[in-house]
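Fair warning: this is a prediction, and the values are worked out from it, not measured in the lab.
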Amino acid sequence: MLPSLGAGGMEQLVIGLTADATARGDTVVVAAAPGPWAERARHAGATHAALPETSRANVAGMTAAAACLARWVRRFRPQVVHAHNPRMTLLARLALTATRHNAVLIPTVHGLAPGDYRTASRILRGCAQRVVACAPSVARSLVSAGFPPERVDVILNGAALQPAGPHREAALRGSLGLGPAPVVAGLGRLVAQKDWPTLIGAAGYLPGPSYVVAGEGGLREHLADLAAAAGGQVRFVGLVDDVAALVGLASCVVFTSTWEGLPLTLLEALSLGAPVVATAVDGVTDVVPETAALLVPPGNPRAVATAVERVLNDSALAASLRRDALAAAATWAPAQMLAQYRHAYEAALSAHPR
């Protein structure tokens with residue numbers, strides 16, 4: 001269960017879990033509001049159980065989603081319900097209670113805004129015996145908000161990409177209309193958390209490179225207007241299917257988030273050895289070694305520009321970042337994450353035989 005099948009790290013993780021489970025002979029149903037990645041879930045072997053859109057403020061939508069989910073529970077009688085983030089965990093518990101179905105409920109918390117952890121902890125305490133955190137920082141935040149530490153497990157998000165190669169990179173360069181200037185790429189959803197205005201501000205301090213942000217979200221029009229008002233140096237190009245090609249042709253990849261659980265796009269970029277500039281927040285500092293990326297304070301365009309300039313002008317630094325990023329990537333190998341989740345499912349079922 002997850003809020004929707006849009007394009008994002010949580011969705012990507014769910015599709016990876018689906019492919020692993022179906023390859024082992026399991027039956028998988030992905031319950032989520034429809035989105036552009038619904039076809040990817042079906043291609044991975046899942047049945048898509050379409051849910052209504054939900055939000056914390058929309059009580060009617062939550063009620064409708066719980067009723068819809070209850071119908072899917074009655075139809076499929078799942079043994080394990082894996083809910084991603086607190087709102088989905090609450091819906092799962094409501095549906096399981098309504099149907100009197102005794103499935104194991106395993107929530108994963110992928111990271112929340114700092115002010116949301118206290119409410120999330122209260123919801124999770126009442127809904128599930130154990131919770132999985134996607135990074136050590138998420139586990140610490142849950143415990144600080146009152147969740148019992150002995151009931152938290154950490155399974156690090158796993159992510160890796162294979163290099164695209166020169167032909168795919170050249171094709172993407174042409175389709176995006178990029179010239180010979182160095183490419184500085186941003187990857188991620190166009191939401192407030194990602195703080196793309198900081199990248200727009202950084203571009204004002206460092207003209208010359210081609211700045212491209214790949215991703216979708218509700219702020220796209222607003223961000224495009226901000227970028228145009230700032231001189232039009234940063235382009236928001238929407239979803240890019242070949243992320244590996246974009247990372248490969250970029251001289252620097254930038255992440256400007258104000259908070260993170262653990263961003264899969266960052267881990268993917270590092271797995272390709274990309275020179276990365278990222279904000280020193282939350283799960284980033286827990287997982288990414290200082291030598292594998294240049295970490296800067298959040299909300300500081302000048303610091304971002306200075307770090308990007310260092311990467312572009314110092315080939316020895318860029319080579320060192322590439323080397324250490326590739327070495328660090330072994331820590332978040334997808335196979336390791338999949339094996340840990342498989343063990344979590346099996347352990348929960350053995351402790352809950354009904």
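Heavy atoms only, all atoms of each residue included: Ala7 and Pro36 are closest at N-CG, 4.2 Å. Closest of all the heavy-atom pairs between Gln162 and Leu272 is C-CD2, 3.6 Å. Between Val138 and Ala133 the shortest heavy-atom distance is CG1-CB, 3.8 Å. The heavy-atom pair separating Leu295 from Val288 by the smallest distance is CD1-O, 4.5 Å. In plain terms, the two heavy atoms of Val109 and Asn85 that are nearest each other are CA-OD1, 3.4 Å. Here the closest heavy-atom approach between residue Ala135 and residue Val154 is recorded as C-CG1, 3.9 Å.
Between the side chains of Arg125 and Ser121, at least one donor-acceptor pair of N or O atoms lies under 3.5 Å. When only modelled atom types and interatomic distance are considered, Thr198 and Asp195 share a side-chain donor-acceptor pair under 3.5 Å. Between the side chains of Glu309 and Thr306, not a single donor N or O lies within less than 3.5 Å of an accepting N or O.
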>> Asp26 vs Arg342, test: salt bridge (Lys or Arg N to Asp or Glu O under 4.0 Å). Steps then yes/no.
In response: CA-CA 11 Å; Asp26 295 338; Arg342 188 75 185 182; 2.4 Å; yes
>> Let's go through Phe236 and Glu216 carefully: what are the C-alpha distance in whole Å and the side-chain angles of both, what is the deciding distance for side-chain contact (heavy atoms from CB on, under 4.5 Å) to 0.1 Å, and is it a yes or a no?
In response: CA-CA 9 Å; Phe236 293 86; Glu216 270 296 355; over 6 Å; no
>> Could you go through Leu105 and Thr89, starting from their C-alpha distance and side-chain angles, then the distance that decides it, and tell me whether this counts as side-chain contact (heavy atoms from CB on, under 4.5 Å)?
In response: CA-CA 8 Å; Leu105 176 57; Thr89 303; 4.0 Å; yes
>> Before you tell me yes or no, could you show the steps for Gln340 and Gln336 under side-chain contact (heavy atoms from CB on, under 4.5 Å), namely the whole-Å CA-CA distance, both residues' side-chain angles and the distance that decides it to 0.1 Å?
In response: CA-CA 6 Å; Gln340 288 177 303; Gln336 178 175 305; 4.0 Å; yes
>> Please determine whether side-chain contact (heavy atoms from CB on, under 4.5 Å) holds for the pair Met337 and Leu156, giving the CA-CA distance in whole Å, both sets of side-chain angles, and the decisive distance to 0.1 Å.
In response: CA-CA 6 Å; Met337 178 199 71; Leu156 203 65; over 6 Å; no
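Using a distance-only test at 3.5 Å, with no hydrogens or angles considered, no donor-acceptor pair links the side chain of Tyr205 to the main chain of Pro301. When atom types are taken as modelled, the side chain of Thr22 and the backbone of Ala44 share a donor-acceptor pair closer than 3.5 angstrom. In terms of modelled atom types and a separation under 3.5 Å, the side chain of Ser320 and the main chain of Ala316 share no donor-acceptor contact. A donor-acceptor pair under 3.5 Å is formed between the side chain of Asp282 and the backbone N or O of Glu260. The backbone N or O of Leu176 sits less than 3.5 Å from a side-chain atom of Arg235, completing a donor-acceptor pair. Between the side chain of Arg322 and the main chain of Ala274, no donor-acceptor pair closer than 3.5 Å is present. Between the side chain of Trp196 and the backbone N or O of Arg189 there is at least one donor-acceptor pair closer than 3.5 Å. A donor-acceptor pair under 3.5 Å is formed between the side chain of Arg130 and the backbone N or O of Glu150.
Within the model, atoms OG1 of Thr256 and CG of Asn300 stand 11.5 Å from one another, a figure rounded to the nearest 0.5 Å. Once rounded to the nearest 0.5 Å, the distance linking CD of Glu268 with CG of Leu270 reads 10.5 Å. The CG atom of Leu262 sits 8.5 Å away from atom CG of Asp286, with the distance rounded to the nearest 0.5 Å. To the nearest 0.5 Å, atom OG1 of residue Thr265 and atom CD of residue Gln12 are 8.5 Å apart.
Using the six-membered ring where Trp is involved, Tyr341 and Tyr345 have ring planes that are tilted, between 30° and 60° apart. A parallel orientation is assigned to the rings of His84 and His110, their planes being inclined by less than 30° (bins at 30° and 60°).
When the shell of 6.0 Å around CZ of Arg118 is examined, it contains 12 or fewer heavy atoms from other residues, nucleotides or ligands. Within 6.0 Å of CZ in Arg302 there are 12 or fewer heavy atoms belonging to other residues, nucleotides or ligands.
A heavy-atom distance below 4.5 Å is not found between the side chains of Thr279 and Val284.
Of the options Val29, Leu13, Val30, Thr47, a side-chain contact (heavy atoms from CB on, under 4.5 Å) to Thr18 is made by Val30 and by none of the others.
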